[in-house]
Structures are given as structure tokens and as C-alpha cells.
Amino acid sequence: MCLHLLKRYFCHQLVQTRTALGLTQFAMAERLMMDERSYIELDHGNSGCSALTLVLFLIYCCNDPLQFLQELRSIFEQETGYAA
């Protein structure tokens, strides 16, 4: 369940961030150090991200990594009923 939540949230944030930055899928793939086809699968929600891709996104694309993680934590808590 958590993997599905992460995949859905990350895909949404990825597309939203790419659009806000005015980047093409190819440019975003380069920024995340991955090939374009793999990025497109990620962008469309057809695949999950690796830990490395998540870290690169937080470092090179995300304006506020802490907010990203807080929102993800909130989603996990709402969906699973588990609060840390």
C-alpha cells in the first residue's frame, strides 16, 4: 500500500514540478540522470522511482524537500492510519 501511495504522490509531484520549471520530459530526464524512456514511464505513473531518482529529485528539482516529505507523511498517515 505504501509503495502505491509513494508512486502516485511522486508522479503527481514530478509532473507538477516539471511543468513549473518549464522543462521537457527529456530535460527532466537529464536532470534526474536517467534515460528519456524511463523518465516517461515514471512521468506517466507506469513505474516507480528508485531511491536514487527520489534523492536526485529532492536535490535538483524540489523547491522545498521538507514540505515534500511532510506532505508524503501526511498522506501515509491518512491512508494507513499509522502516525509516527
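For the single chain, residues carry numbers from 1 onward in sequence order.
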Would you say [Y] ends up clustered with [X] if hydrophobic residues are merged whenever their side chains have heavy atoms under 4.5 Å apart, either directly or through other cluster members?
{"X": "V15", "Y": "Y60", "value": "no"}
{"X": "L52", "Y": "L69", "value": "yes"}
{"X": "F10", "Y": "F76", "value": "yes"}
{"X": "I75", "Y": "L58", "value": "yes"}

Counting only heavy atoms from other residues, nucleotides and ligands, does the tally under 6.0 Å from CG of N63 exceed 12?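 At most 12 heavy atoms, drawn from other residues, nucleotides or ligands, come within 6.0 Å of this atom.
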Atom [atom1] in [X], atom [atom2] in [Y]: separation rounded to 0.5 Å?
{"X": "C62", "Y": "Q67", "atom1": "SG", "atom2": "CD", "result": "7.5 Å"}
{"X": "Q25", "Y": "E30", "atom1": "CD", "atom2": "CD", "result": "13.0 Å"}
{"X": "T24", "Y": "E36", "atom1": "OG1", "atom2": "CD", "result": "7.0 Å"}
{"X": "M28", "Y": "R31", "atom1": "CE", "atom2": "CZ", "result": "7.0 Å"}
{"X": "K7", "Y": "L5", "atom1": "NZ", "atom2": "CG", "result": "12.0 Å"}
{"X": "Q13", "Y": "L54", "atom1": "CD", "atom2": "CG", "result": "11.0 Å"}

What pair of heavy atoms forms the shortest contact from [X] to [Y], and how long is it?
{"X": "F57", "Y": "L14", "result": "CD1-CD1, 3.8 Å"}
{"X": "C61", "Y": "T17", "result": "O-CG2, 3.4 Å"}
{"X": "L42", "Y": "C11", "result": "O-SG, 3.8 Å"}

Can you say whether the rings of Y9 and F68 are parallel (under 30°), tilted (30 to 60°) or perpendicular (over 60°)? tilted
So, does S38 use its side chain to make a donor-acceptor pair with the main chain of M34 at under 3.5 Å? no
Under 3.5 Å, is there a donor-acceptor pair linking the side chains of R18 and Y39? yes
